[in-house]
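What follows is a set of notes on a single structure, which appears directly below.
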Amino acid sequence: MIRRARACLAGASFLFCIGPAVWAQMTGAGRVPQKAKPLPPGLKAPVVRFEDLAGRAGLTGVNVSGSETQQAYIVENTGTGVAVFDFDNDGLLDLFFVNGDRFHHREGERITHFLYHNKGGLRFEDVTAASGIAHEGWGQGVCAGDIDNDGYVDLYVGYWGQNALYRNQGDGTFRNETVERGLGTPGRRWGTGCAFLDYDHDGWLDLFAAHYLDFDPAQVPAAGEAGGCRWKGFPVVCGPMGLPPETMSLYHNEGQGRFRDVTDEAGVGGAKAAGLTVLTGDFDNDGWVDVYVTGDSTPSLLFHNLGNGKFEEMGEFLGVAYNEDGHEQSGMGTSAADYNHDGLLDIVKTNFTDDIPNLYQNFGDGSFVEVTTAAGLAVHTQFVSWGVAFLDFDQDGWKDIFIANGHVYPDIDTRHVGQTFRQPRLLYWNRRDGEFYDMSKQAGPGILARHSSRGVAPADLDNDGSLEIVVVNMHESPSLLKNFAPKGNSILIQALTADGRDAIGARLTLRTAGGTQIDEVRSGGYYQSQGDFRVHFGLGDAESADLTVRWPNGTENSYKALPANHWIVIRQGKGVVAKKPLATK
């Protein structure tokens with residue numbers, strides 16, 4: 001297949017090589033943006049002001065991902081993810097930034113990942129050197145989960161090369177235990193996003209890992225070389241089309257954090273895609289977690305959990321493989337939420353420039369229909385969009401949407417084609433009527449600032465009841481966005497299994513006089529990243545809420561009159577074990 005791809009890249013089929021998204025941009029055949037819908041009379045948008053606090057917070061580590069000026073290969077532009085997790089169980093969420101690599105290292109350069117310890121008050125300390133987490137190649141995505149139920153959260157990092165499991169030793173250090181835990185794979189592969197999940201309800205976290213392309217720079221022309229690819233008259237990196245898409249991997253946890261590759265026997269190995277982000281969710285409400293994988297210039301995949309240890313790939317049948325016109329897209333990031341309060345998880349997905357995102361509305365049996373234009377999200381086509389998150393920034397009980405953007409070609413500003421490498425972020429307010437309102441231009445300097453961003457992760461980093469947004473910026477230090485505008489009440493729910501680990505896969509149903517919300521505890525998502533395991537619900541004016549937890553093993557418990565503006569910790573079999581007031585002022 002590599003030889004066939006090389007022939008393609010040498011000029012056999014231009015469209016096949018560059019992919020439908022780039023072809024649409026060149027020919028004007030992409031999806032047409034719609035004018036932003038005005039607010040109905042009498043409806044007033046909330047005040048929002050996001051500011052970037054990363055510098056004063058101590059988040060100064062610079063992202064490395066190939067050349068800052070002229071790329072040679074596609075691995076230089078996919079970017080990296082970030083994980084938010086509490087590695088030392090002190091009640092404050094820490095940050096782990098995956099770093100890429102270069103083909104030609106500079107003299108004296110030492111590339112590292114970055115692990116930051118949260119000291120409180122949105123101040124962080126770089127503890128990478130002491131952590132034992134080594135930079136072992138071209139990093140991509142990351143997900144987190146407690147693989148052995150010892151109470152400490154572990155990390156799994158996707159690499160172009162060999163993915164790595166960094167097991168938390170419980171003393172502030174991590175150890176690479178990839179091979180001894182059964183996760184080592186022969187040969188060089190391009191690992192991207194991932195997610196831990198308990199797909200068979202046995203109480204142990206399994207692992208789903210996405211892969212992108214079968215890529216070997218020795219077999220692919222570099223940008224500018226003979227037989228390479230061109231776009232709008234100038235040389236660019238080749239791919240993703242023209243390079244063979246990869247398969248996904250599923251590892252079953254046999255107990256105590258030791259894994260077995262069950263990709264083929266579980267029905268996952270037959271599907272191929274240029275996979276980037278892994279999103280989990282019980283999309284048909286049958287009690288079994290499903291897996292969605294975004295495909296870049298390939299159909300996106302949805303693996304339906306059959307409940308017997310096997311999956312069936314049904315993305316096309318269920319309506320989430322293509323856009324509403326039946327076309328492949330350059331799918332990047334993805335997030336899930338019940339944005340319209342119908343008790344079903346919907347999906348948002350980001351795409352390449354000259355396209356709009358996808359909002360897939362869930363119709364109750366696990367099938368979806370794209371409602372992007374009707375929902376008011378078909379406003380911008382000039383951006384390359386990556387990380388995306390459903391989050392309730394004004395805490396009114398309705399999930400809003402944040403999108404991070406940034407082009408793939410660092411030198412595009414000099415090409416005079418109406419595109420820029422650094423791009424602003426987007427923020428859409430949920431109007432509660434099935435539509436979103438574009439608030440990007442009035443959302444504060446943190447949204448308006450221009451970067452070429454990739455991974456994002458929402459989390460309450462200072463335990464004040466509102467979510468911050470951590471963003472990876474290519475060739476720069478990251479962003480930490482905080483909303484300083486007034487907000488409604490909120491509640492943080494931390495659901496723990498009987499063993500005491502985060503109950504990944506638990507379904508939370510929250511009820512107030514203002515309505516019913518659902519969400520799940522999940523690993524992965526956004527764009528190759530990991531967010532807060534605690535589930536954040538905006539409550540508006542409500543002072544309390546009732547909660548039902550459906551645990552990963554299918555059992556349910558209900559809790560009445562949980563107080564607003566608290567961090568509630570619930571442990572399966574023990575009930576509410578802690579109520580901690582949030583620092584809301």
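Since this is a predicted model, take the numbers as computed values, not measurements.
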Looking at Ser452, is its backbone amide N or carbonyl O close enough to the side chain of Asn473 to form a donor-acceptor pair, meaning the two atoms are under 3.5 Å apart? no
Hey, are Asp88 and His117 close enough side-chain-wise for a donor-acceptor pair under 3.5 Å? yes
Test your reading of the model: is there a side-chain donor-acceptor pair from His135 to the backbone of Gly100, 3.5 Å cut-off? yes
Do Tyr166 and Glu136 meet the criterion of a side-chain donor-acceptor pair at a distance under 3.5 Å? yes
Just by modelled atom types, is the Phe383 backbone N or O under 3.5 Å from a matching donor or acceptor in the Asn405 side chain? no
Test item: side-chain donor near acceptor, Trp567 and Asn463, under 3.5 Å: no
Sidechain-backbone polar pair: His105 side chain, Ile111 backbone, donor-acceptor under 3.5 Å: no
For side chain to side chain contact (heavy atoms under 4.5 Å, CB included), just list the numbers for Asp86 and Phe533, CA-CA rounded to whole Å, side-chain angles, deciding distance to a tenth of an Å, and then say yes or no. CA-CA 9 Å; Asp86 183 1; Phe533 285 129; over 6 Å; no
Keeping Asn362 on the side-chain end and Phe283 on the backbone end, is there a donor-acceptor pair under 3.5 Å? yes
Within 45 degrees of the ring normal and closer than 6.0 Å to the centroid, is that where the cationic atom of Lys399 sits relative to Phe537? yes
Please check: side-chain N/O of Gln395 versus main-chain N/O of Gly538, any donor-acceptor pairing under 3.5 Å? no
Check this for me: Asn89, atom CG, are more than 12 non-hydrogen atoms of other residues, nucleotides or ligands nearer than 6.0 Å? yes
Do any N or O atoms from the side chain of Asn168 and from the backbone of Val153 form a donor-acceptor pair under 3.5 angstrom? yes
How are the rings of His407 and Trp231 set to each other: parallel, tilted or perpendicular (split at 30° and 60°)? tilted
Between Gln442 and Ala45, the two heavy atoms sitting closest are NE2-CB, 4.4 Å
For the student: nearest non-hydrogen atoms of Gly333 and Thr277, plus distance: CA-OG1, 3.8 Å
With distance as the sole criterion, is a donor-acceptor pair present between the side chains of Ser65 and Arg454 under 3.5 Å? no
Looking at every heavy atom in both Asp94 and Asn118, which two are closest together, and how far apart are they? OD1-N, 2.8 Å
Ignoring hydrogens and geometry, is there a side-chain-to-backbone donor-acceptor pair from Asp392 to Gly397 under 3.5 Å? yes
Quick one: does any side-chain atom of Thr420 pair with a main-chain N or O of Gln423 as donor and acceptor, under 3.5 Å? no
Quick check: closest heavy atoms across Tyr116 and Thr60, and the distance to 0.1 Å? OH-N, 3.4 Å
Would you name the heavy atoms of Thr280 and Ala195 that are closest together and state the gap between them? CG2-CB, 3.8 Å
Between Phe436 and Tyr339, does the ring centroid distance fall short of 6.0 Å? yes
Pair Asn63, Thr80: side-chain N/O donor-acceptor within cut-off below 3.5 Å: yes
Under 3.5 Å side-chain donor-acceptor pair for Ser523 and Gln530: yes
Backbone of Leu359 reached by a side-chain donor or acceptor of Thr372 within 3.5 Å: yes
CA sep, side-chain torsions, deciding dist, call: Phe50, Arg425, side chain to side chain contact (heavy atoms under 4.5 Å, CB included): CA-CA 11 Å; Phe50 277 99; Arg425 289 81 184 242; over 6 Å; no
Quick check: do Tyr527 and Thr78 have side-chain heavy atoms less than 4.5 Å from each other? yes
Which heavy atom of Thr192 sits nearest a heavy atom of Gly275, and at what distance? OG1-O, 2.9 Å
Test Leu279 against every option in Ile347, Thr294, Leu345 by the side-chain contact (heavy atoms from CB on, under 4.5 Å) rule and name the one that passes. Ile347
